[in-house]
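Note that the coordinates shown come from a computational prediction; the quantities given were computed from them, not determined experimentally.
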Amino acid sequence: MRVTIGQINTTNGEYEGNAAGIIRAIEQGKKDGSDLVVVPEVAVQGYTSFDWFLDRDIVRGALEPLNRIIAATEGITAIVGTVRPSDRPTGRKLFNSAAVIRNQRLVGFADKTLLPEYDVFDDPRYFEPARERHLFNFENCKIGVAVCEDFWNDKTFWKERLYANDPADELIELGAGVLVSINASPFNKGKMGQRCAMVSHRARLAGLPVVFVNLVGGNDGIIFDGASIVADAEGKIILQAPPFEEFIGTVDLDCGVADIYCLPGDDVETIRRALVLGIRDYARKNRFATALLGLSGGIDSALVAALACEALGPENVLAVMMPSPYSSRSSIDDSLALVGNLGMKVVEHPINSAFDVLTKELKLPPPAVGSSSTAVENLQSRLRGNILMTISNAEGRILLSTGNKSELALGYCTLYGDTNGGLAVIGDLLKTEVYALARHYNREREIIPAAIIEKRPSAELAPDQYDDQSLPPYDRLDPILTMYFEQKATPEEIIACGNDAELVYDILNRVESPANEFKRRQLPPTLIISRNAIGLGRRRPVTHHYRRKPPQ
């Protein structure tokens, strides 16, 4: 059997554009003499349409966009991710389905059974689960179709499973000769290699080919990396689609030839590519051609500038320098050096005069060395936020927020100041990851000036102010945050890994502070690169009395 995979980039609700991408894959399959074309989960409507799937008119018209795709399948079979209305009198009104289309005829549907509701997923809110599995006859072969999560519960691969049943295993037991899995599997660090191992393992143990097609593209903060895989009956990867880009490729399932392409093994490089795709798609799909950001001379804004220039082109990115009375000359010089290296535009709008007027009007004392002066510090950040939002409005540019995860987790940010923006680019990057990615940018030539990377981090909102006066050292903070967010580890488990008990409880209680959660609720959409990320992947109440306490 010859199979074409269509790793396409969809937009929520863009029925015509999504259908065009699907048909493009079908037409390529025809040119390649393919028997079967496969595209990702909910490719017709867009997987991250969320509560659009609850609207009655969307439910009623769910299958209408499929008609154009059906008409394009003359002489070929296609498996297409879509939603379809449920005819059951109770339950959710839609199924998450794979439509099987052959030679301009809708053969039937394979509906999703296992509905995830962890991390960024909330399928049970929208979809009714399938109650049974069935195969589709294809010439001399039977095809089993599993929709995303239905493929991800192999008891021989996973140590811990979320569901008792394994729909993919049931399809194999029914006599499937080929297993097709359509997916909308978001990017997380390390996940591409895990998927590859999972697909190879399932194919080898079952002794049948597996076609695993994944969505690609950014949708709000969720980034789909693609990296689709086809494995033969021996578990050999015979087609590996490149990550972070659209791809249409064809392979014979019995070719016996391993694909020479392999996934990148460098997590820092995959993070870079994920963030670049996330910025580019968020801007493009929301019809922004240009962007701006505040450039402080610090490493966070420098990294965001580098990512934005790569995603949108330096000619489309504006850096705004807004020195205050406490900005150092070196920060201004470092910012100008960065701008020169990147070739981006820059303007300067000092906030000194406005800051003086407001501090006098509000009778605020100037910050002193080593003292806490939250109101005066926040005033500077909010003045900058005001300038940035005004330029954004006046010029139609998307404002990119530059806060990192370490600081956002502990509330080291200012509402309506540095949290302003349309997209939080590095809001899921720990500070140590920010440094790693900055150094990665400099692997061939200096893009981010070494002075920015090497300087002691400071918000420069008061005399002689540095981050480590308010935050633990990042090399001690970030491992704790990693275990707490990504692994959902308990305080005891984090301490058992060699972390200081007093520091662990202090950090976790600062993370869970209602005031800090209140701030995080108002962040712009954040590009997600890890599990249980701030925002969609992690949900906490603002109002609560929970507190972590050491055992007595």
Side-chain angles (χ1 to χ4, degrees), residues 1-6 22-23 25-30 32-44 63 66-67 69-87 95-114 129-151 154 165-183 199 202-213 228-234 238-239 250-255:
M1 182 187 295
R2 177 169 287 186
V3 176
T4 296
I5 63 171
I22 295 167
I23 292 170
I26 292 171
E27 293 303 321
Q28 186 61 52
K30 291 178 183 178
D32 293 345
S34 290
D35 304 295
L36 177 66
V37 177
V38 183
V39 298
E41 181 181 12
V42 196
V44 174
L63 291 179
L66 207 58
N67 293 328
I69 298 164
I70 293 171
T73 59
E74 182 179 3
I76 202 166
T77 299
I79 296 176
V80 177
T82 185
V83 298
R84 73 177 185 95
S86 169
D87 56 3
F95 288 106
N96 181 342
S97 303
V100 179
I101 308 162
R102 180 178 301 130
N103 196 23
Q104 299 181 309
R105 185 175 69 88
L106 179 60
V107 176
F109 295 96
D111 300 321
K112 190 173 183 177
T113 302
L114 306 180
R131 294 174 182 170
E132 60 184 12
R133 256 60 57 204
H134 57 274
L135 303 179
F136 295 88
N137 293 319
F138 185 87
E139 297 179 357
N140 298 321
C141 176
K142 292 182 178 179
I143 297 178
V145 181
V147 180
C148 201
E149 195 84 348
D150 288 0
F151 186 85
D154 184 349
N165 59 322
D166 180 359
D169 198 41
E170 293 176 36
L171 293 170
I172 294 167
E173 291 177 356
L174 286 172
V178 175
L179 191 58
V180 172
S181 176
I182 64 169
N183 296 263
V199 170
R202 173 86 79 172
R204 185 174 64 255
L205 260 63
L208 52 76
V210 172
V211 179
F212 182 101
V213 180
S228 302
I229 308 158
V230 180
D232 68 12
E234 296 178 353
I238 57 175
L239 179 61
T250 299
V251 66
D252 291 308
L253 296 185
D254 60 355
C255 69

Find the distance between [atom1] ([X]) and [atom2] ([Y]) and round it off to the nearest 0.5 Å.
X	Y	atom1	atom2	value
Glu170	Leu135	CD	CG	11.0 Å
Asp35	Glu139	CG	CD	5.5 Å
Leu36	Met1	CG	CE	6.0 Å
Phe151	Leu171	CZ	CG	10.5 Å
Gln28	Ile76	CD	CD1	10.0 Å
Ile69	Thr82	CD1	OG1	7.5 Å

Can a salt bridge be assigned to the pair [X] and [Y] using a cut-off of 4.0 Å between side-chain N and carboxylate O?
X	Y	value
Asp150	Lys112	no
Arg202	Asp166	yes
Arg131	Asp111	no

Can you tell me if CG on Asn67 sees more than 12 non-hydrogen neighbours from other groups inside 6.0 Å?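 Yes - once you tally the heavy atoms of other residues, nucleotides and ligands closer than 6.0 Å, there are more than 12.
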Report, as yes or no, whether the 6.0 Å neighbourhood of atom NZ on Lys142 holds more than 12 heavy atoms from other residues, nucleotides or ligands.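 Open.
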Validation row: [X], [Y] side chains within 4.5 angstrom (heavy atoms):
X	Y	result
Phe136	Val145	yes
Ser228	Ile5	yes
Asn103	Thr73	no
Val42	Val83	yes

Could you please spell out the steps behind the side chain to side chain donor-acceptor pair (under 3.5 Å) verdict for Arg133 and Thr113? CA-CA 9 Å; Arg133 256 60 57 204; Thr113 302; 2.6 Å; yes
Exam field: side chain [X] to backbone [Y], donor-acceptor pair closer than 3.5 Å:
X	Y	value
Gln104	Ala71	yes
His134	Gly144	no
Asn183	Ser181	yes

How far apart are the C-alpha atoms of Asn96 and Glu41, what are their side-chain angles, what is the distance that settles it, and do they pass the side chain to side chain donor-acceptor pair (under 3.5 Å) test? CA-CA 8 Å; Asn96 181 342; Glu41 181 181 12; 2.7 Å; yes
Which heavy atom in Ser97 sits nearest to a heavy atom in Val147, and how many Å separate them?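 So the minimum-distance heavy-atom pair works out to C-CG2, 4.2 Å.
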